[in-house]
Amino acid sequence: MPRKKTFESTLMQLEEIVRELESGTLTLEESIKKFETGMACSKYCLQTLDKTEKKITLLMKDSQGDLVEEPFNHES
Amino acid sequence: MPRKKTFESTLMQLEEIVRELESGTLTLEESIKKFETGMACSKYCLQTLDKTEKKITLLMKDSQGDLVEEPFNHES
Amino acid sequence: MPRKKTFESTLMQLEEIVRELESGTLTLEESIKKFETGMACSKYCLQTLDKTEKKITLLMKDSQGDLVEEPFNHES
Amino acid sequence: MPRKKTFESTLMQLEEIVRELESGTLTLEESIKKFETGMACSKYCLQTLDKTEKKITLLMKDSQGDLVEEPFNHES
Amino acid sequence: MPRKKTFESTLMQLEEIVRELESGTLTLEESIKKFETGMACSKYCLQTLDKTEKKITLLMKDSQGDLVEEPFNHES
Amino acid sequence: MPRKKTFESTLMQLEEIVRELESGTLTLEESIKKFETGMACSKYCLQTLDKTEKKITLLMKDSQGDLVEEPFNHES
Amino acid sequence: MNSKNSPQIYTVSGLTRQLKQLIESTYPFVWLTGEISNLSRPASGHCYFSLKDDGALINGVMFRNQLKRMPFNPENGMRITGMGRLSLYEPRGNYQIIFEHMAPDGAGLLHAKFELLKKQLAAEGLFDKSHKSTLPFLPLKISIITSPTGAVVRDIIQVSQRRFSGIHLEVVPVKVQGDGAETDIEQAIETVNKCATSQVIIVARGGGSLEDLAAFNSERVARAVFASSIPVVSAVGHETDFTICDFVSDLRAPTPSAAAELVLPERKKLHRDIITYENALETALKRGLKHLKTQVKTLNSRLKNPRSRVDDLRMRLEDLEKRLTGRMQGQLKAHGERLSWYTNALYAASPLRRVSEQKETCRFLHRQLVQSMVSTLTSARSKIHENHSKLGALSPLAVLHRGYSITRTRDSKQKIITDSTTTKNGDSVEVLLSKGRLICQVEKQYAQKENI
């Protein structure tokens, strides 16, 4: 993939695929290919969302935890 | 970090982050990053306030304490 | 300290600090520093007043006491 | 002391001190010093007056004592 | 066949054959030929569909499967 | 005659002292000194009044022409 | 030259002037006795007369001022003795005597002598004030030069003792009248001066006629008084009588008792004065002290105790500290509130919800994806089925069920044989039956319409 795969672009791709599939203009072979890609997109998105959810939950749990001396190292 | 991190600048950063998060224009990835930073800011501010409160309490307690011969050495 | 610390100058410093704090233009860090200095000033003033009061009490007691042959030696 | 302390000079000093204290322009430290000196002056003046009064009484008694010793025979 | 045989083109051929057969203008010999070709088309299409269905089922199973229990109820 | 001069001058001195004291222009120390001197003057004058001798004589020349002093009986 | 040989010639005026100078300088004062004649008293009040004796006559004048002091009125024929100065009146060329004093002969002579002596002594300066010494304030010894008997000495002693009892009074007895009185008094003054124990001399005598007082008008007594280094008080006669002694003395008392009063201060009064002074001293000093005390006390009460100032400062300090801590705590609280608000906002804006929404979207899309795939497949399948069944219905082989059969060549063309002639014997043909097929060999061909 040339450009970075982001959640949003993937989700958009998925949406596009769904729309194309629903349009009924695709050949069966195309449909299958699209479907395959759509499934991958869906999988990626869901996995990304799952990871994100876990991360946020962790962060929120962490914020009620111990002192963090230097929390801004990701900005450096 | 180039400039000194102060309570105010951190609080302002937190404000900005909240505003950005609320605007809904961020990508998910950005949101996460911002949220993470926001959490760190909040934590830092809270800790700073706690430390300050302790210091003030100490100072106020101290002011009712014994005689201090030379209280202005931090000004010299 | 370069100049002699007097009660009046210290009280004025305290007043200035209170005014600055009340102006609300200080950062938290500045506020704390000012507060610390202010408390030190307050303490010094209070102690000076205590000492002064004791001295006055002593003087008043003394003035009802015996004859003082040479009361002006502190002026020489 | 360089110059002789007289009653009048002390009284004048007391007056000056009272005026200075009443002017309200003195610092606390100066006030105390002035007050102290004022008390000493007042004391000195009163004592001087008392001593003088006693001396006069003594002198008067003395002068009448001798008179009684040698009464005027033409008055008898 | 010059062009690639696709599901769609085959289906269209089948439809064409049906239409020709219905027109009744064909000779028996043509009819039989068409018929036979139609049967072959139909067979091909069905086989293609079957393969496709299997592939999709596989894909869906792969994508955690739990999302869609059994999409092809026509087989039951 | 020294004594003769003294009574009068002493009386005059006393008068002068009274005038000076009543003028109210003297310092306390001067006043006391003057008072003391005044009292001494007064004492001296009163004593002088008491101590003068009472005598009536007759100055005669005897047969040799020498001077003799005889009591003079003026009441006969 | 002329003046040497020739006689000097005077002008009338010149001569008269020289005569006037000669007369007036030679006789500044003359005593003259004679009989008054040609008396005239014009309106001017002056008195013009001639004084004559047996052999001569001289013009005289007495001016109004002198006349006033005369104890008698001059008359023609009166014999008088007078004193005056000679004067030459140039316009008339006559001379006259201008009388200062005159008296009828007899008493008049004595009086005239008195006046003469008085004038002489005055001219000598014996009466000058500059020579008079002041009396001692309080003499310790007083010499009384007078007759030891009589009222005078008694009066003096009495008054003296009344005024100041403790004084030494020394009586120096002298004759005060008649022969030897002059000498007595003179010597007494000298003696007292020689003794030098007295501080005052009183020369005293009662009143009397001019003759009685002759000793006190004598030049010797006057000079003795003048020479005395001890101050002399003259107390001669009564009130109006003046003697030469009175003039020369340092002080003239109108009466002897007055002399005692003048010489001696009153002891009681002195004592009273001294006591008064003493009291004045005390009063003045005490008043001064009282005043000073009041002043000191007033100042002392005004001496502001800095304690109240300390209290004020304490209150101010407390206020400042309260504001300081209040403000600091307030700031902390405000910061805390703001922080907690933003923190809450952050939590609220956390991407968690978005994640779940996205998840929902994802699942939805997934479902859509599958559904549309499934429906695509389903519709394809139904389309195929439809055509398949249509195809079945249109099958040209349906006639076979009725017993027909179709014969085809077995070559690749599978050409249906509708004309028997198209076949040759021995050809293998395929016969399609309702059920199954037959592979047959052509044995014989028949022409058309022959088969029925």
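Below, chains carry the letters A, B, ... as their sequence lines are ordered, and counting in each starts from 1.
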- Message: Rounded to the nearest 0.5 Å, what separates atom CD1 in G:I384 from atom NZ in E:K43?
- Response: 14.0 Å

- Query: Roughly how far, to the nearest 0.5 Å, is the NE2 atom of G:H385 from the CG atom of E:L49?
  - Reply: 8.0 Å

- Salt bridge E:E36-G:R408, side-chain N to carboxylate O under 4.0 Å: yes

- Task: Count the heavy atoms of every other residue, nucleotide or ligand shown that sit under 6.0 Å from NZ of G:K415, and state whether that count exceeds 12.
- Result: no

- Contacting moiety of G:I406, where chain E heavy atoms sit under 4.5 Å: side chain

- Message: Any carboxylate oxygen within less than 4.0 angstrom of a Lys/Arg side-chain nitrogen, looking at G:K383 and E:E15?
- Response: no

- CG (G:L391) and CZ (E:F35) are apart, to the nearest 0.5 Å, by 5.0 Å

- Message: For E:K33, which atoms come within 4.5 Å of any heavy atom of chain G: side chain, backbone, both, or neither?
- Response: side chain

- Note on the structure: Distance col, row G:N387:CG vs E:M12:CE, nearest 0.5 angstrom, shows 11.5 Å

- Nearest heavy atoms of G:L394 and E:E22, plus distance in Å: CD1-CG, 3.0 Å

- Message: To the closest 0.5 Å, what do you measure between OG (G:S395) and CD1 (E:I32)?
- Response: 8.0 Å

- Task: Return yes when atom CZ of G:R437 has more than 12 non-hydrogen atoms of other residues, nucleotides or ligands closer than 6.0 Å, and no otherwise.
- Result: no

- Query: Pick from G:T418, G:L432, G:I416, G:L369: which one has the most heavy-atom pairs with chain E under 4.5 Å?
  - Reply: G:I416

- Message: Does G:H388 have more than 12 heavy atoms from other residues, nucleotides or ligands lying within 6.0 Å of its NE2?
- Response: no

- Look up atom NZ in G:K390 and atom CD1 in E:I17, then write down how far apart they are to the nearest 0.5 Å. 13.5 Å

- Query: Which pair of heavy atoms, one from G:R381 and one from E:L46, lies closest together, and at what distance?
  - Reply: NH1-CD2, 3.9 Å

